[in-house]
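To start, the structure itself, in structure tokens.
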Amino acid sequence: MSDSPSLPLTAIEKPTHFLADIIATDQAAGRYEGQVVTRFPPEPNGYLHIGHAKAICTDFGLAQAFGGRCHLRFDDTNPEKESDEYVRSIQEDVRWLGFDWGEHLYFASDFFETMFELAIDLVERGLAYVDSQSGDDIRSSRGTVTQAGTHSPFRDRTVAENLQLFHKMRAGDFGDGTHVLRAKGDMAAANMKMRDPLLYRIRNAPHHRQGDKWCIYPMYDFAHPLEDALEGVTHSICTLEFENNRDIYDWVIANVDQSRLKTQPKQYEFARLNIGYTVMSKRMLRQLVEKDHVASWDDPRMPTIAGMRRRGIRPQAVRHFVNRVGLAKANSQVDAELLDGSIREDLNFEAPRVMCVTDPLPVEIRNLPEGQVEWLEASYWPHDVPKTGSRQVPFSRNLVIEREDFAEVPPKKWRRLSPGAEVRLRYGFFVRCEDVIKGPDGRIEKLICSYDPTTRGGDSPDGRKVQGTLHWVSADKGVPCELRMYDRLFGVENPGADGDFLQDLNPNNLKVTQGIIEPAAAKTAAETPAGGEVRFQFERQGYFWPDPVDSTGDAPVFNRIVGLKSSWGKPALKTPSKAQTKTKAKTKAQKVGKRPELSPELAAFAAELQGMGAPRADAEVLASDATLASWFTGAVQAGAKAKTASSLAVNELRRAAGETPLDQLACAPVDLAELCGLLDAQRISSKGGKKILAVLVEKGGSAQALMAELGLEQISDPAVLRPMVEKLLADNQANVDAYRGGQKGLRGFFVGQAIRATGGKGDPKVVQALLTELLG
RNA sequence: UGGGGCGUCGUCAAGUGGUAAGACACCAGGUUUUGAUCCUGGCAUUCGCAGGUUCGAAUCCUGCCGCCCCAGCCA
């Protein structure tokens, strides 16, 4: 794999998403001694796909960007599904993508002994027990999302009994499913995952690495956090569906014998990748292979890494794609077009242009004698790719062109060949179609053309124009080849959305044709070892490379990596017009839910608060939070204006408090009242009030003193502010013009700048008034 | 209906009280011996909806609506 320095695609960009923010913050705070250790933790039970590529780029990319390291760890805790074939293929795929884990290759199974000891310790400390209920009983006693579960009858076994049973479990004294080890969680927890989570189960099955050494295996929720902590991982990044598991993750890290852990890792989640017109679940991919809808896991139609590699996609393109997709927590599905575009962008500067006719239509050049061959020079690169190199292309009496480049009755704007029309054969000559030969079935068998010898190379001395330029190959000298024209695996954007996803397969996801390729390209392909760096752009067709498995020097087989973009022939997928979108937005009139009624007691309380002067809406909010209400009443009793106090309590206090409970703040209602006074006297702006409140709740103090300390007392004198505003406008004439030209959004810019110019003290109301006056 | 998440352009996605980034797609021009590439320009008066706070709200408050995840001895 050669990374071309000329391509921006290979540049390692510092990520800017929320995970990068978290890591940067941790690093700045000196957490984990500034270390950043991530991990990519696949279970070796299937092939990696492009969704994993996103995870891999994220895990390794983040570590790289922050000077840390990323481990490759196989999460092999379920012996029945896992095998060495997958650990081999996964390593190959990660490496192919361009990432290196150095010596940090781990297997969960290597930690089994330590995990067992940690589990024993949990039992000894009464935090885990052996449950001997049946699977069904465990399930039903877990309760439902709306109902609490019930305790297992075995939950209160003695430590000694638990220990003895757990050891016997390990010793192989029991059959599958007879006993499990469970943590003592909370059977009434709202998070179902915390209802006495299972830690170990019995599986009398050989493990791909441990053989018959174990017959009990740890569950994901127990094993995963331990693997992380045992390896020294700091940031454990996974996908959204594990959000519910984070509580157990933290529980395990917090409750296990601390002396054994290298780090106290934290789990973070991001949205997994979805792409239109394909599927990403292992289950579905497996079905495609097992039911022979594709040839294998590395079938070029598969979204697997192996499939993409065999198709001819370069890892640079995959990484570029992942970068373009971004990273966030919103479930989303990206356009299939984005992947295609990334592949094209990667190959555009990498793939030399050659000619290959994929669906040959014979053309006889009437005025070129049989046996005569004109060798023409053809550049490998178009004018805007800064690379050089060319080859010789033979032009002879018998040629082939693309069947779809000829139309007996040309449609409007046809820029190809038709009866009587003249076109250029790329790097060759102008040819004119003089006759059409048809078979008995009416099918066109051959075109009779004449060529203009003076147009050698493709330029006419008289400067005349032609319809268009066609690719072509000499039938006499060209080399027959097989072309595998891969297309989208599925015919609909969301396979399986209504029913069986297999029904949505695109029947034309592979079309095999027999084509003819120009000799120079055939030679290059034949001389390159299988899977070597040889990718072409077949002009006007797309990007291709020899299939690494099936192509041979004698019988070349080319895979279409991706087609060229085309604004012809495809009825351009319609994007809803703006007008339609607007209508849609308006029609999507939402059901507006009713505001729930307050209970009679709360309503009475609200009425009481309203009686004290709180606006109705505020009163209702205050009423439903007794502590908040007490802040309001306290402030009013301390002399605050009711409206100001309620507004501050409702709109600001809770946020300012953050995690701190409202009854544990560093200040008292009387301080709030003082702040209200400042606000009402217009001595500070609302913004200044917020700043003071933030300090008040955390550190306490006097509002008035803080105002002075923070320099927040307002400057409201227009005479003072006017020159500043005038200067601001003078300094930003362009923006002033834009504003007057209708760009009213700029007003915020002016206000912001003006306030900044006064060190935050300018009274925004006065500034606004001045702006209104001066800007018109 | 319990809990946990998430709603910003057709699709991704920045933004966390002061001018709604960027990319892909799309549209319009230009260059072109690939209907490709490349270049130029356009493309959210508005951030799920409704109220409220504020001089100023995508960002704060309240309520509602919608989507995803959780009841494997899978990961």
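Lettering follows sequence order; numbering is per chain, from 1. On a predicted model such as this, the values are computed, not experimentally measured, just so you know.
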For this session: Send over the distance from A:Leu226 CG to B:A75 C1', rounded to a whole Å.
Result: 15 Å
Exercise. Per the atom types in the model, does the base of B:G4 pair as donor or acceptor with the side chain of A:Arg246 at under 3.5 Å?
Worked result: no
Exercise. Of the nucleotides B:A14, B:U34, B:G7, which one has an atom closest to the side chain of A:Ala330?
Worked result: B:G7
Exercise. Got a salt bridge between A:Glu402 and A:Arg416, using NZ or NE/NH1/NH2 to carboxylate O under 4.0 Å?
Worked result: no
Exercise. Which base, if any, makes a Watson-Crick or G-U wobble pair with B:U34, both distances under 3.5 Å?
Worked result: none
For this session: Pick the C1' atom in B:U45 and in B:U19, then give their distance to the nearest Å.
Result: 12 Å
Problem set entry | Salt-bridge criterion met for A:Arg73 and A:Glu227 (N-O under 4.0 Å) | yes
For this session: Salt-bridge test for A:Glu377 and A:Arg456: reply yes if a basic N is under 4.0 Å from a carboxylate O, no otherwise.
Result: no
Problem set entry | Closest nucleotide among B:U62, B:A36, B:C64 to the A:Arg353 side chain | B:A36
Exercise. What nucleic acid atoms does A:Gln133 come within less than 4.0 Å of, heavy atoms only: base, sugar-phosphate, or nothing?
Worked result: base
Exercise. Is A:Glu243 paired with A:Lys329 through a side-chain N to carboxylate O contact shorter than 4.0 Å?
Worked result: yes
Exercise. Looking only at atom P, what distance separates B:G48 and B:U59, rounded to whole Å?
Worked result: 8 Å
Problem set entry | Assigned partner base of B:A14, Watson-Crick or wobble definition, under 3.5 Å | none
For this session: May I ask you to say what A:Pro596 touches in the nucleic acid, namely base, sugar-phosphate or nothing, with a heavy-atom cut-off under 4.0 Å?
Result: sugar-phosphate
Exercise. So which nucleotide from B:A14, B:A75, B:C55 ends up closest to the side chain of A:Pro764?
Worked result: B:C55
Exercise. Between B:U19, B:C12, B:C55, which one does the side chain of A:Phe749 approach most closely?
Worked result: B:U19
Exercise. From B:C73, B:G18, B:C6, pick the nucleotide closest to the side chain of A:Val751?
Worked result: B:G18
For this session: Would you check if the side chain of A:Ser647 reaches a backbone N or O of A:Thr644 as a donor-acceptor pair within less than 3.5 Å?
Result: no
Exercise. If we call it a pair only when both distances are under 3.5 Å in a Watson-Crick or G-U wobble match, what pairs with B:C60?
Worked result: B:G52
Exercise. What is the distance, rounded to the nearest whole Å, between atom CZ of A:Arg39 and atom P of B:A75?
Worked result: 15 Å
For this session: For residues A:Leu48 and A:Ile90, determine if any side-chain heavy atom of one lies less than 4.5 Å from a side-chain heavy atom of the other.
Result: yes
Exercise. Stacking between A:Tyr220 and the base of B:A75 (centre distance under 5.5 Å, interplanar angle under 30°)?
Worked result: no
Exercise. B:U53 and B:A58: how far apart are their C1' atoms, nearest whole angstrom?
Worked result: 16 Å
Exercise. Phosphate oxygens OP1/OP2 of B:U62: is one of them under 4.0 Å from a side-chain N or O of A:Lys594?
Worked result: no
Problem set entry | Short side-chain N/O contact from A:Arg201 to OP1 or OP2 of B:C74, under 4.0 Å | yes
For this session: For A:Val325, answer base if it contacts any base atom (sugar-phosphate contacts may also be present), sugar-phosphate if it contacts only those atoms, and nothing otherwise; contact means non-hydrogen atoms under 4.0 Å.
Result: sugar-phosphate
Seminar exercise, completed: Pairing partner of B:G66, by Watson-Crick or G-U wobble and under 3.5 Å for both distances, is B:C6
For this session: Ignoring hydrogens and angles, state whether a donor on the side chain of A:Thr455 or A:Arg424 is under 3.5 Å from an acceptor on the partner side chain.
Result: no
Exercise. Can you tell me how far P of B:C73 sits from CZ of A:Arg195, to the nearest Å?
Worked result: 13 Å
Exercise. When the distance from CG of A:Leu662 to C1' of B:C61 is rounded to whole Å, what number comes out?
Worked result: 13 Å
Exercise. Which whole number of Å gives the distance between the C1' atom of B:C69 and that of B:U8?
Worked result: 23 Å
Problem set entry | Distance between P atoms of B:A57 and B:U40 (Å, rounded) | 36 Å
Between the protein and nucleotides 67-71 of chain B, list every N/O to N/O distance that falls short of 3.5 Å.
residue: B:C68; atom: O2'; partner: A:Asn331; partner atom: ND2; Å: 3.3
residue: B:C69; atom: O2'; partner: A:Asn244; partner atom: ND2; Å: 3.3
residue: B:C69; atom: O2; partner: A:Asn244; partner atom: ND2; Å: 3.3
residue: B:C70; atom: O4'; partner: A:Asn244; partner atom: ND2; Å: 2.9

For this session: Nearest whole angstrom, please: distance from the P of B:C26 to the CG of A:Asp340.
Result: 12 Å
Exercise. Say you pick atom C1' in B:C38 and the same atom in B:C6; how far apart are they, in whole Å?
Worked result: 39 Å
For this session: Send over the distance from A:Asp221 CG to B:C73 P, rounded to a whole Å.
Result: 11 Å
Exercise. Can a salt bridge be assigned to the pair A:Lys565 and A:Asp340 using a cut-off of 4.0 Å between side-chain N and carboxylate O?
Worked result: no
For this session: Flag the pair A:Phe544 / A:Phe536 as yes when their ring centroid distance falls below 6.0 Å, and as no otherwise.
Result: no
Exercise. Considering heavy-atom distances to RNA chain B, does A:Glu539 or A:Ile202 have its closest nucleotide positioned more toward the 5' end?
Worked result: A:Glu539
For this session: Test the A:Lys387-A:Phe349 pair against the cation-pi criterion, namely NZ or CZ under 6.0 angstrom from the six-membered ring centroid and within 45° of the ring axis.
Result: no
Exercise. Are A:Gln537 and A:Tyr543 linked by a side-chain donor-acceptor pair shorter than 3.5 Å?
Worked result: yes
Problem set entry | Rounded distance in Å - CD (A:Gln333) to C1' (B:C6) | 16 Å
Exercise. Which one, B:U34, B:G56, B:A13, comes nearest to the side chain of A:Gln768?
Worked result: B:G56
Exercise. Taking the six-membered ring for Trp, is the centroid-to-centroid distance between A:Tyr249 and A:Phe222 below 6.0 Å?
Worked result: no
Problem set entry | A:Lys643/A:Asp618 salt bridge by N-O under 4.0 Å criterion | no
Problem set entry | B:A25 to B:A36 separation - P atoms, rounded to the nearest Å | 12 Å
Pairs under 3.5 angstrom, nitrogen or oxygen only, protein versus nucleotides 21-23 of chain B, please.
none

Exercise. With both distances under 3.5 angstrom, what nucleotide forms a Watson-Crick or G-U wobble pair with B:G41?
Worked result: B:C27
Exercise. When you check the phosphate oxygens OP1 and OP2 of B:G52, does a side-chain N or O of A:Ser647 lie under 4.0 Å from one of them?
Worked result: no
Problem set entry | Aromatic contact, A:Tyr200 with A:Tyr217 (centres under 6.0 Å) | no
Exercise. Under 3.5 Å, is there a donor-acceptor pair linking the side chains of A:His224 and A:Asp75?
Worked result: yes
Close N or O pairs between protein and nucleotides 15-17 of chain B (under 3.5 Å):
residue: B:G17; atom: N7; partner: A:Lys690; partner atom: NZ; Å: 2.8
residue: B:G17; atom: O6; partner: A:Lys690; partner atom: NZ; Å: 3.1

Exercise. Are any of A:Arg203's side-chain N or O atoms less than 4.0 Å away from OP1 or OP2 of B:C74?
Worked result: yes
Exercise. Counting just side-chain N and O atoms, does A:Arg595 come under 4.0 Å of either OP1 or OP2 of B:A50?
Worked result: no
For this session: Confirm from the modelled atom types if A:Gln537 and B:U34 form a donor-acceptor pair under 3.5 Å, side chain to base only.
Result: yes
Problem set entry | Residue met sooner reading RNA chain B from 5', once A:Lys643 and A:Val385 are mapped to nucleotides | A:Val385
Exercise. Over how many whole Å does the gap from A:Leu564 atom CG to B:G35 atom P extend?
Worked result: 9 Å
Exercise. Taking the C1' atom of each, how far is B:G7 from B:C49, in whole Å?
Worked result: 11 Å
Problem set entry | Closest to side chain of A:Glu243, choosing from B:A13, B:G5, B:G18 | B:G5
Exercise. Below 4.0 angstrom, N of the basic side chain to O of the carboxylate: do A:Arg201 and A:Asp131 qualify?
Worked result: no
